[in-house]
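Position 1 is the first residue of the sequence; numbering continues from there. Counting starts at 1 for both ligands and their atoms, in listed order.
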Amino acid sequence: MNNSPQIKQAAAVIRQARKVIALTGAGVSTESGIPDFRGRNGLWSRYDPMEYGTLGAFRADPGKVWTMLAELTELVDAEPNLGHYAMAVMEKDGFLQGIITQNIDGLHQTAGSRNVVEYHGSLATFTCPTCGKQWSLAQIRRLILPPHCPECGQILKPDIVFFDEQIPSQVFYLTEELLASADCLIVAGTSGQVMPAALIPGRVARQGGTIIEINLELALGHMADLSLANSFAETMVALQAEVSSG
Ligand SMILES: [Zn+2]
């Protein structure tokens, strides 16, 4: 893999690009042991998204939705893999301007990535719907579930975007900022079926950018200019090494 012509080709594109960004999805976290929520036996096969994954459901019965959220907070208790770290190094070295992730596990930040847009929010923080005070996952873990706001007693809501919720405007703004003038996009661990993955590669391609796909099972088809069908961690480690050796 290390010396494969595709890695060299992708590294050359990255080195020559003015602005490289990445779009990541569940596939980068499965290598950290976090199962794909949408996969077979995934979270959403066991909890009906309409009953457990909407803001409406949360408002109607937060205690019930917290049976799913309790499992979710356990699931994301994982360590970054070598691919996350390789992306962080690429950013530090100036070869990656930022990451748009669909993941809510915070693993890119744990690995050291700084410019990360969490398109679907994050499980790192929880906000009280009544008093607006924000609490960290570490603080939540010390409470009995469902966690009640230590200030006012209301059941806390995770800062994730539920299925029926709008993407916060700040997230749109930050995504737009990253996409503007990007001339290379690394798509990793996402099938491109779910928003925003469904739109972002096309947007960068229309700007004349090069799309590099890293997926165990390639999914972008003709949309990808370079397709690396291998594990995220292995590919990113090889790619980062090749980029910095050039
Ligand atoms: Zn409160």
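- Protein atoms of type N, O or S found under 2.8 Å from the Zn ion (ligand 1) total 4.
- Here the shortest heavy-atom pairing between G106 and E118 reads CA-OE2, 4.1 Å.
- F37 is not connected to L216 by any chain of hydrophobic side-chain contacts under 4.5 Å among Ile, Leu, Val, Met, Phe, Trp and Tyr, and they are in different clusters.
- Of the possible donor and acceptor atoms, one in the side chain of E31 sits under 3.5 Å from a partner among the backbone N and O of F232.
- A salt bridge between E91 and R114 is absent, with no side-chain N of the basic residue lying under 4.0 Å from a carboxylate O of the acidic one.
- Look at R18 and D183 and you find a salt bridge, because one of the NZ, NE, NH1 or NH2 atoms lies within 4.0 Å of a carboxylate O, short of that distance.
- Summarising the hydrophobic clusters (Ile, Leu, Val, Met, Phe, Trp, Tyr; side-chain heavy atoms under 4.5 Å, direct or chained), the residues clustered with V204 are I21, L23, I100, V117, Y119, V161, I167, V171, F172, Y173, L174, L178, L179, L185, V187, I200, I211, L220, M223.
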